[in-house]
Amino acid sequence: MGVLKPSYSLLVLLVLNLCDVQAQGVDDLTIHYEGMVVTDIQERKEVVRTPFYRHSLMVQLGRGAWSAGLIGALTRGTSSYGPDEEGLMVTAGYGRLLSDKLRVETFGRVGVTKGHRFGSPLYATDTDLRVNLVGFLPDGWGWLQDRPLYPSAYAGVIVNRYGRVQFVGGSGIWWNQWNVYLTGFTAVNGVDNPLKTNRNADIAFANLKNAGFSISASRGIGPLTVGLRHNIPIRHGGYDTTLTLTYQRFFGGG
Amino acid sequence: MEQRLIGVLLFVGYGLLVPHVQAQTYWRTVVKYLQPEVTVVERSEERLVIEHPVLQDTLVVALTGPDACQCDIYSTSEQRRGGNPYRVWVATERFWEHPTRAQNQWGRFFRSRFLQIIRPPRPS
């Protein structure tokens with residue numbers, strides 16, 4: 001086994017020191033893993049079989065309305081798109097209640113490692129900012145097996161470092177630790193033909209003018225949430241399935 | 001003139017109706033889990049009073065608390081990071097440690113599902 005890359009060493013150091021975070025006034029800790037398998041890529045009207053894998057691990061600390069963290073990502077392909085990539089991103093988030101049925105949440109990521117090939121689908125970091133407006137019903141709506149249903153919906157926008165604007169929206173229901181969500185997204189600008197573009201070829205896949213929708217389901221089991229998400233592209237992007245594992249621990253406040 | 005009158009009546013009616021609808025929404029969970037023999041004696045924006053006719057006992061459920069609320073159960077909001085706020089129901093010491101109402105009598109007011117939902121008193 002080789003020496004850990006610097007990006008993962010930072011994450012390991014952070015996890016090892018987590019026992020001290022409560023003493024630092026931290027309200028909550030989130031550890032989130034995603035394992036994604038991409039089987040095919042939609043490029044215009046053509047579907048190309050291009051299997052590759054992307055793993056990411058995020059460690060996030062929250063205090064009050066703010067959160068900050070690190071994401072380590074690893075992309076491993078079996079295609080001709082080039083060598084594997086690893087990367088590290090720093091994150092920050094902010095959430096605020098606007099009313100008893102509306103809240104806003106923002107989340108930003110900044111890639112801090114260098115040498116990534118954004119012209120390849122195996123790129124390992126993203127730099128973007130997203131803002132979502134979320135509507136919810138704190139008292140629920142409707143009943144199923146004597147337990148209330150909690151519907152919610154959101155609409156938002158994501159802007160990346162290249163100025164690409166994506167609109168996203170979705171709705172779903174939470175019931176008895178189960179959560180089902182349907183989400184759609186579409187970019188209004190970006191690279192429209194990543195394999196044949198002359199301009200912006202070096203950022204083609206990180207700046208795709210993509211669109212699609214995804215369906216996700218998750219189940220809470222104590223402090224752990226296990227989820228599955230499947231993405232279906234309409235215009236560019238991958239047919240991918242992602243397994244998510246989230247551990248959350250609340251120390252108080254939050 | 002008639003249109004203005006209708007407009008005023010609609011405006012006033014909306015102002016009277018919306019708080020009532022909201023109060024209905026707040027109490028929906030509590031009322032859903034009441035035992036059949038329990039009756040609602042009072043329902044307002046601030047509180048819900050329920051009575052058990054056989055036990056001759058009443059419970060007061062308040063929207064806000066616990067400070068200065070003469071209530072047995074109150075509601076508050078909880079939110080976990082990454083999720084939406086939701087209403088929870090918390091018992092006060094007055095309910096939890098009642099001198100004459102034993103814990104095994106709570107089920108005569110509420111169905112078991114609500115007893116699983118309700119939170120114990122929180123330290124002040």
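We name chains A, B, ... by the order of the sequence lines, and we start the count at 1 in each one.
Within a 6.0 Å radius of CZ in R63(A), other residues, nucleotides and ligands contribute 12 heavy atoms or fewer.
Separating the OG atom in S77(B) from the CG atom in D139(A) is a distance of 9.5 Å, to the nearest 0.5 Å. We find the CZ-CD distance between R81(B) and E105(A) to be 11.0 Å, quoted to the nearest 0.5 Å. One finds the CZ atom of R87(B) at 11.0 Å from the CG atom of L137(A) (value rounded to the nearest 0.5 Å).
Considering only heavy atoms from C-beta on, D28(A) stays 4.5 Å or farther from R80(B) through its side chain. The shortest distance between side-chain heavy atoms of P85(B) and L97(A) falls below 4.5 Å.
Outside the 6.0 Å centre-distance limit, the rings of W141(A) and Y86(B) are not counted as a close aromatic pair.
At a 4.5 Å heavy-atom cutoff, the contact between W143(A) and chain B is made by side-chain atoms alone. Interface residue R113(B): only side-chain heavy atoms are found under 4.5 Å from chain A.
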